[in-house]
Each structure stands twice: as C-alpha cells, then as structure tokens.
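Every chain is numbered from 1, with letters handed out A, B, ... down the list of sequences. Owing to the predicted nature of the structure, the values given are computational and were not obtained by experimental measurement.
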Amino acid sequence: MKQKLESLLQDAVTALQNQGILDADVSARIHIERVRDPLHGDFASNLAMLLAKPAKMNPRQLAEKIVALLAGDSAVSKVEIAGPGFINFFINPDSQFQIVKQIHDAGARFGLSRIGAGKRVQVEFVSANPTGPLHVGHGRGAAYGSAVADLLEAAGFEVEREYYVNDAGRQMDILATSVWLRYLEACGEVFTFPSNGYRGEYVRDISASLYQKAGELYRHAAEQVFAEIPADEPQGGDKEKHIDALIERAKQLLGTEQYNAVFQAGLDDILADIKDDLQDFGVSYQQWFSERSLMDDHSVQQALQRLDAAGFLYQQDGATWFASSRLGDEKDRVVVRDNGQTTYFASDIAYHMNKLDRGFDQIVNIWGADHHGYIPRVKAAMQALGADESKLKVLLVQFAVLYRGDEKVQMSTRSGEFVTLRQLRDEVGKDACRFFYVMRKSEQHMDFDLQLATSKSNENPVYYVQYAHARVCSVLRQFDEKGRQRNWQLGFEHLNLLVAEQETAILTTLSKYPEILERAAVYYEPHQLIHYLRELANQFHTYYNAHQFLVDDERLCNARLNLICAVKQVLVNALTLLKINTPETM
RNA sequence: GCGCUUGUAGCUCAGCUGGAUAGAGCAUCGGCCUUCUAAGCCGAGGGUCGCAGGUUCGAGUCCUGCCAAGCGUGCCA
C-alpha cells in the first residue's frame with residue numbers, strides 16, 4: 001500500500017515537472033508514513049512541505065496542485081490536505097479487509113520480503129572466548145545476533161551465521177595451564193592455585209575427565225612446577241608474571257605434544273558446551289571459524305605482508321606496528337610483539353580479509369559494547385588492504401548489568417563468579433530469556449534483575465503475547481467442541497461485517513506487519529518486532545473482552561474467526577522468527 | 001584528558017529515523033468474571049524529553065557547548 005501511494009505521488013511530481021511548475025532537477029525522497037490519529041486518515045505524506053521551498057509556493061497551495069494531479073485508485077477513498085500541508089490518504093475500508101485473506105493465503109510466508117534478494121550477508125555474533133561457559137552477557141549477544149540474522153533472512157537476504165573461535169592466544173594458554181594445574185591437584189599434588197588462573201568449577205570437571213582418561217601421564221611434582229616461579233599477587237608479586245611463568249613451565253615440562261593435548265582437552269570440552277548451550281537457546285551457525293586456522297594456513301602472515309607492501313607497517317621498540325592512525329584510528333597498533341608473537345589484532349586483520357575474500361555483500365559484526373574502541377582500527381585495516389570498509393557494519397550490544405534484588409552482581413569469567421546463560425535458561429525458560437533480551441534496543445544499557453526475570457510472574461511480557469495466541473486456540477477449540485463446521489469462504493465473503501472499532505484497529509495493525517518486519521531487518525532492530533507483538537496482543541485482548549466471537553450468525557461468526565486466525569498467523573510468524581514458542585494452552 | 005554509547009512518567013523502556021495533541025509495561029488508585037482462559041479488559045493520576053543555545057514551516061529526533069552515568073583509551077582477547 002505504501003509503495004502504491006509512493007508511485008502515485010511520484011507520477012504527480014513528474015506531471016508537475018512537465019508543467020514547469022517544478023524544476024526538473026528538483027527531487028525529494030517521497031516519504032509515506034502511517035498516521036497516528038485516525039482523523040488524519042491512514043497514511044500521510046509531507047511531500048508538499050519538502051517541495052514548497054524549491055517550488056517557491058506555500059505548502060498548502062502546492063499540496064492542492066499535487067492532489068489535483070493524483071490519479072485515482074480504487075484502494076484510496078479520500079485524499080485530504082491538512083495542517084501545514086500534509087497530504088492525508090484514507091484507505092477504502094473494503095481494501096482493508098483483504099488483509100485477512102492475504103494472511104490466510106500466505107500463511108507462514110506472510111510478512112516476508114524480497115528487499116535483500118540476491119545479496120549475501122554474513123552475521124558474526126557471540127564469538128566468546130572458549131575459556132568458559134557462556135554467561136548472561138553473552139546471552140544478550142546470542143539472542144540479538146540470531147534475531148538480526150533471522151530478520152535479514154526474512155527480508156530475503158542469504159544469511160551466513162558465524163562464530164569466531166578465539167582458540168589462540170594468551171587467554172587460551174592460561175586456560176590450558178589452569179586445566180593442567182587442577183589436574184595436578186586431582187593427582188594429589190598440593191599448591192596454591194594462581195590468582196589469575198581460571199577458577200571456575202568447570203575447569204575441575206575438565207581436569208577430572210582428563211585424569212580419568214590419561215591417568216598420571218601429565219603428572220609432575222608441585223615443587224618442580226613451581227620452582228623459581230615469580231611470586232603471585234597475594235604473596236606480593238605480579239599475577240601476570242606469575243601466570244606467564246607457569247604457562248612457560250607447563251610447556252617446558254609437558255613438551256609440545258602433551259601440552260597441546262591438555263590444551264585441546266580444555267578447548268574441545270568448552271566449545272562443545274558452548275555449542276550445546278546455544279543449540280538449546282535456538283541459536284545455530286553455518287560456520288565455526290577458528291582463529292588458529294588463520295595461523296596454520298599463514299593467513300595472518302599474508303595479511304601482514306599485504307599491509308607491509310602497502311606501506312603501513314614499521315618497526316619500533318622491537319615490535320611491528322600498523323600505522324592505523326593514518327586511517328582514522330587514535331594511535332598505531334602493534335601487530336607483532338617484541339617476543340615474535342602476533343597479536344589478536346593481527347589475527348583479526350586476517351580474519352576480516354578472509355571475510356572480504358568470501359565475497360559477502362555485507363558483513364555484520366555484533367560485538368559487546370566494551371569493544372567499541374576496536375572499530376576504527378579494524379576499519380583502518382580494511383582500508384589499508386584496499387577493501388571497501390563500508391561493507392562492514394559493527395553493531396554493539398551493551399552488557400546487561402546484573403542485579404539480584406538491589407545488589408549488583410559482579411562478574412568475571414576468571415574468578416568463576418558469574419551467572420551462566422544455562423542457569424538463566426533453567427530458571428526463566430528459553431522463551432522469556434529471548435523475549436527479554438531483544439525487548440530493548442541493543443545499544444541501550446540494560447538492567448537485568450535476576451529476581452524479576454527468574455520469577456514466574458506475569459510481569460514477564462512474553463506471557464502476555466503467548467496468551468493471546470493461546471486464547472485464539474481456545475476459541476477455535478470451543479467452536480469445534482460445539483460441533484460447528486467452519487466455513488472459511490463464508491467468512492471471507494462477509495469480512496465487511498467487521499466494523500467494530502476493535503476490528504478496524506486489528507485490521508490496520510495486521511497490515512502493518514510486513515512494514516515492521518522489513519524495518520526491523522534493515523535497521524537491525526528486533527525490538528521493533530517485540531513492540532509490534534505487544535501492540536497486536538493488546539488489541540486482540542481488548543477485542544476479546546469487547547466482543548463474543550462464537551455468535552449464532554454464521555456469517556459474522558466465520559468472519560470473526562477468520563480475523564482472529566489472521567491474528568494467530570501473524571503471532572506465530574513473528575514468534576517463530578524469534579524462536580519463541582506458541583503454546584496452544586496456558 | 002580524549003573517544004564511543006546512553007540520558008524521555010516514581011521504576012523499566014518505546015517513539016515509525018525531522019512531522020500533527022510525546023506513548024506502553026510495572027507500580028499507585030477506582031471499576032469489570034452466571035457469557036469463548038482474569039497470565040485478561042476499562043478508567044484515573046503521573047512529563048521543563050539531562051541543561052543552554054542553534055539549524056527551519058516544524059526538533060524528543062539534526063548541530064554546538066556544558067552536566068551526569070557506563071564502557072574504552074594494553075606489545076590482553
């Protein structure tokens with residue numbers, strides 16, 4: 001409908017230009033919007049106000065000229081000029097009814113769009129370090145990222161979901177060392193666990209199964225392990241130096257092969273847990289991309305060579321730097337440390353080069369907001385590599401600040417004090433989790449009160465929407481139980497009986513769904529879909545309370561049932577997209 | 001210090017990307033179950049859109065400057 005009105009207006013503008021009233025080079029983006037107040041009709045355009053200045057006419061006068069040139073259309077019952085120069089369109093009620101039939105015919109496909117057809121987009125999200133289970137902060141990224149990916153798919157894009165696995169680097173060495181030390185404890189060795197090691201219970205679990213499988217194969221005496229290791233922080237030393245020395249000792253005592261075995265045991269276990277967790281949360285990926293693979297196939301070296309060839313690398317203080325400040329970054333960044341190891345950033349340059357090489361039309365990265373300072377350097381790297389950095393869109397997700405009642409919950413993966421996504425799902429359920437997470441705009445800071453979220457109270461808005469669906473199902477059951485026969489055709493023929501204000505409101509809201517879906521997709525804003533669902537559910541509940549559906553009049557009854565089936569279909573479509581269940585009874 | 005994000009009702013948040021009289025939920029108060037599920041509905045109160053300027057027919061929305069909160073500002077990832 002919007003498109004139809006836009007083309008009508010476009011034709012009128014062209015006619016004005018042909019008449020010489022408007023210069024041919026004047027162009028205004030034709031903007032049609034839904035109106036809030038029904039007195040102003042159904043759609044409005046501000047075109048006349050935008051063109052008033054270039055046309056050197058006052059807006060209302062111009063609006064009259066535009067309206068006079070507007071071709072008639074059966075769907076438009078009336079066009080008015082109002083206010084400072086709005087052109088208001090009133091839609092023919094008969095054409096409003098058609099939406100019920102359209103939804104019925106399209107079924108699960110109702111609302112899908114083709115604006116992304118032929119375009120490939122990659123969405124990378126979560127990508128949490130495999131050093132521990134996902135926590136509630138990752139949960140928001142998971143819910144948001146998968147919703148964005150699913151929305152893009154609904155808009156016709158070919159979507160590839162990817163998880164970047166940071167299976168290289170110092171943090172992973174700390175994990176491997178932590179696993180080994182807990183393993184030594186399981187063997188009976190006694191020592192003080194490093195303050196900077198991973199202290200979570202899951203590390204002990206990994207160590208325990210390692211002990212079961214390998215026996216004492218990796219055992220070394222505690223005295224040997226800790227000999228001449230610099231003191232830990234609680235003993236007045238430096239926790240970083242302490243753990244780094246322990247990593248070196250582990251590599252030295254175990255040898256490459258055994259160290260890698262311990263390392264792999266930790267990685268495999270945690271990655272399997274993460275995959276399992278996400279699966280249960282309704283999140284799936286086409287690709288799990290390993291950081292180490294970029295090193296193994298020399299992609300990192302190649303990327304650095306390309307930067308060097310482009311003249312963006314230089315040596316200083318024993319390290320190799322990327323001159324990112326020449327391309328908008330605050331300062332230059334190290335890509336090869338003075339100890340010869342490449343940095344995480346170097347991997348990321350190679351990773352983004354790899355993404356570009358895969359030929360996506362659009363690359364979407366979803367990061368925690370704490371990584372925002374990282375964007376300029378990645379874009380700088382893409383530019384330095386001669387790539388079109390506008391293909392990269394970075395979406396930031398603010399971390400949820402966790403409260404338990406009034407008390408703020410401090411989280412740190414290493415200390416092991418965190419609420420896991422799995423715990424949250426067990427307590428609140430998947431549906432409420434997903435709904436809650438994408439209810440807010442992603443860049444909005446979010447207070448997550450566990451007491452509230454974990455309470456099974458009706459304060460959780462997901463129940464409100466699901467209940468609307470369950471009520472429709474209940475009505476349909478009652479109808480069947482009365483032994484009555486559904487007559488769809490009769491209902492469609494008498495949709496014009498649906499003239500109650502609640503029915504008109506629902507018809508309008510139903511017709512908005514494709515627009516909402518499209519907008520939510522192109523702006524990466526799944527919360528818009530949530531808000532739409534609440535509006536639709538609200539209108540249904542209001543309708544339910546105001547009118548009886550199962551009336552004796554077969555024509556009215558079938559028309560109403562057809563309408564609420566359309567409501568049900570849209571609820572199902574939207575909730576299914578968000579991976580939220582649609583229970584038939586509650 | 002600098003950078004990014006945020007600031008809208010008592011609380012949590014929307015606000016169709018510059019449009020017409022700023023909206024929901026929760027909380028508070030008052031109504032509605034002999035009628036398809038009361039996890040619901042109806043009504044009331046509640047606002048200097050952080051503050052001050054600016055841009056224009058029009059600003060919660062854009063620009064500038066302040067104020068406040070969170071994050072970032074590693075040869076960690």
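- If you take atom P in rA68(B) and the same atom in rG50(B), they sit 16 Å apart, rounded to whole Å.
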What does the list of N/O pairs under 3.5 Å between the protein and nucleotides 55-57 of chain B look like, with a distance for each?
unit_1: rC57(B); atom_1: OP1; unit_2: K53(A); atom_2: NZ; d: 3.3

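- When rounded to the nearest whole Å, the span between CZ of R377(A) and P of rG72(B) equals 12 Å.
- T343(A) has no side-chain polar atom (N or O) that falls below the 4.0 Å cut-off from OP1 or OP2 of rA77(B).
- In this structure, N129(A) reaches the sugar-phosphate backbone alone: every heavy-atom distance under 4.0 Å involves primed, P, OP1 or OP2 atoms, never a base.
- At a cut-off of 3.5 angstrom, counting only N and O atoms as typed in the model, there is a donor on one side and an acceptor on the other between the side-chain of N88(A) and the base of rA20(B).
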Name the pairs: protein N/O against N/O of nucleotides 4-8 of chain B, kept only if under 3.5 Å.
unit_1: rU5(B); atom_1: O2'; unit_2: Q398(A); atom_2: NE2; d: 3.4
unit_1: rU5(B); atom_1: O2'; unit_2: E443(A); atom_2: O; d: 3.3

What N/O pairs connect the protein and nucleotides 45-47 of chain B at under 3.5 Å? Give each pair on its own line.
none

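- The aromatic rings of F289(A) and Y164(A) lie tilted to each other, with the angle between the two planes from 30° to 60°.
- Note on N166(A): only backbone sugar-phosphate atoms sit closer than 4.0 angstrom, heavy atoms only; bases stay farther off.
- Out of rC75(B), rU21(B), rC41(B), the shortest distance to the side chain of D37(A) is found at rU21(B).
- In this pair, F86(A) lays its aromatic ring flat on the base of rA20(B), centres within 5.5 Å and planes under 30 degrees apart.
- In this view, Y144(A) satisfies the ring-ring contact (aromatic ring centres under 6.0 Å, His included) rule with no residue, not counting sequence neighbours.
- R36(A) has its CZ atom 17 Å from the P atom of rA14(B), to the nearest Å.
- Along RNA chain B, the nucleotide closest to H31(A) and the one closest to V334(A) are compared, and the more 5′ of them pairs with H31(A).
- Contacts of A128(A) classified as side-chain contact (heavy atoms from CB on, under 4.5 Å), with partners at least two apart in sequence or in another chain: V126(A), L134(A), H138(A), Y163(A).
- Judged by distance alone with a 3.5 Å cut-off, no donor-acceptor contact links the side chain of D370(A) to the base of rG72(B).
- Contact record, V567(A) with I506(A): CG2-CG2, 3.6 Å, taken as the closest heavy-atom pair.
- Within the nucleic acid shown, H527(A) comes within 4.0 Å of sugar-phosphate atoms alone, with no base atom in reach, counting heavy atoms only.
- What separates CD of E330(A) from C1' of rC71(B) is a distance of 13 Å, to the nearest Å.
- Taken together, the paired segments of RNA chain B that extend over three or more consecutive Watson-Crick or G-U pairs, each closer than 3.5 Å at both contacts, are B:1-7 with B:67-73, B:10-13 with B:23-26, B:28-32 with B:40-44, B:50-54 with B:62-66.
- Y543(A) has its OH atom 12 Å from the C1' atom of rC36(B), to the nearest Å.
- Atom CD of E515(A) is separated from atom P of rU17(B) by 11 Å (rounded to the nearest Å).
- At least one side-chain nitrogen or oxygen of R471(A) sits closer than 4.0 Å to the OP1 or OP2 atom of rA38(B).
- Among the heavy atoms of the strands, none lies under 4.0 Å from F345(A).
- Heavy atoms of H541(A) sit under 4.0 angstrom from primed sugar atoms or phosphate atoms, though from no base atom.
- Atom CG of L392(A) sits about 7.0 Å away from atom NZ of K355(A), to the nearest 0.5 Å.
- Across all strands, E525(A) comes closer than 4.0 Å to base atoms (heavy-atom distances).
- Partners of T582(A) by side-chain contact (heavy atoms from CB on, under 4.5 Å), not counting sequence neighbours, listed by chain and number: H469(A), V572(A), L575(A).
- Side-chain atoms of D552(A) and C557(A), non-hydrogen and from C-beta on, never get closer than 4.5 Å to each other.
- Two residues are said to be in side-chain contact when any heavy atoms from C-beta on lie closer than 4.5 Å; F43(A) and R34(A) meet this criterion.
- Shown here are the side-chain contact (heavy atoms from CB on, under 4.5 Å) partners of P514(A), two or more places apart in sequence or in another chain: F110(A).
- Taking the six-membered ring where tryptophan is involved, the planes of F540(A) and Y544(A) are tilted, since the angle between them lies from 30° to 60°.
- In rU17(B) the base sits syn relative to the sugar, since the glycosidic angle is no further than 90° from 0.
- Checked for salt-bridge contact, R170(A) and D244(A) meet the test: a charged N lies under 4.0 Å from a carboxylate O.
- Partners of K379(A) under the salt bridge (Lys or Arg N to Asp or Glu O under 4.0 Å) rule, at least two apart in sequence or in another chain, do not exist in this structure.
- The side chain of K331(A) approaches rC75(B) more closely than any other nucleotide in the set rC36(B), rC75(B), rC76(B).
- rC33(B) shows a glycosidic angle within 90° of 0 and is accordingly assigned syn.
- Residue T585(A) is in base contact, counting any heavy-atom pair closer than 4.0 Å across all strands shown.
- S474(A) comes within contact range of at least one nucleobase, with a heavy-atom separation under 4.0 Å.
- Taking atom C1' in both rG19(B) and rG58(B), one finds a spacing of 7 Å when rounded to whole Å.
- Residue R333(A) is out of contact with every strand shown, counting any heavy-atom pair closer than 4.0 Å.
- Around the CD atom of E501(A), the shell of radius 6.0 Å holds no more than 12 heavy atoms that belong to other residues, nucleotides or ligands.
- Note on E33(A): only backbone sugar-phosphate atoms sit closer than 4.0 angstrom, heavy atoms only; bases stay farther off.
- Here Y523(A) lies in heavy-atom contact (under 4.0 Å) with a base.
- The residue A470(A) sits close to a base: some heavy atom pair falls under 4.0 Å.
- Shown here are the side chain to side chain donor-acceptor pair (under 3.5 Å) partners of E6(A), two or more places apart in sequence or in another chain: there are none.
- When rounded to the nearest whole Å, the span between OH of Y524(A) and C1' of rU17(B) equals 15 Å.
- Applying the 5.5 angstrom centroid cut-off and the 30 degree plane-angle cut-off, the aromatic ring of H531(A) is not stacked upon the base of rA14(B).
- Nearer to the 5' terminus of RNA chain B, by closest-nucleotide assignment, is the contact made by A44(A) (compared with the other of A44(A) and L476(A)).
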Extract all donor-acceptor atom pairs below 3.5 Å that involve side chains of residues 475-482 of chain A and protein atoms in other chains or at least two apart in sequence.
unit_1: R477(A); atom_1: NH1; unit_2: E584(A); atom_2: O; d: 3.3

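- Across the protein-nucleic acid pair, N538(A) atom CG and rG25(B) atom C1' stand 10 Å apart, rounded to whole Å.
- Taking the charged nitrogens against the carboxylate oxygens, K251(A) and D173(A) do have a contact shorter than 4.0 Å, which makes a salt bridge.
- Residues meeting the side-chain contact (heavy atoms from CB on, under 4.5 Å) test with Q3(A), sequence neighbours left out: none.
- Contact annotation for D317(A): base contact, defined as any heavy-atom pair under 4.0 Å involving a base atom.
- The separation between R484(A) atom CZ and rC36(B) atom C1' is 11 Å, rounded to whole Å.
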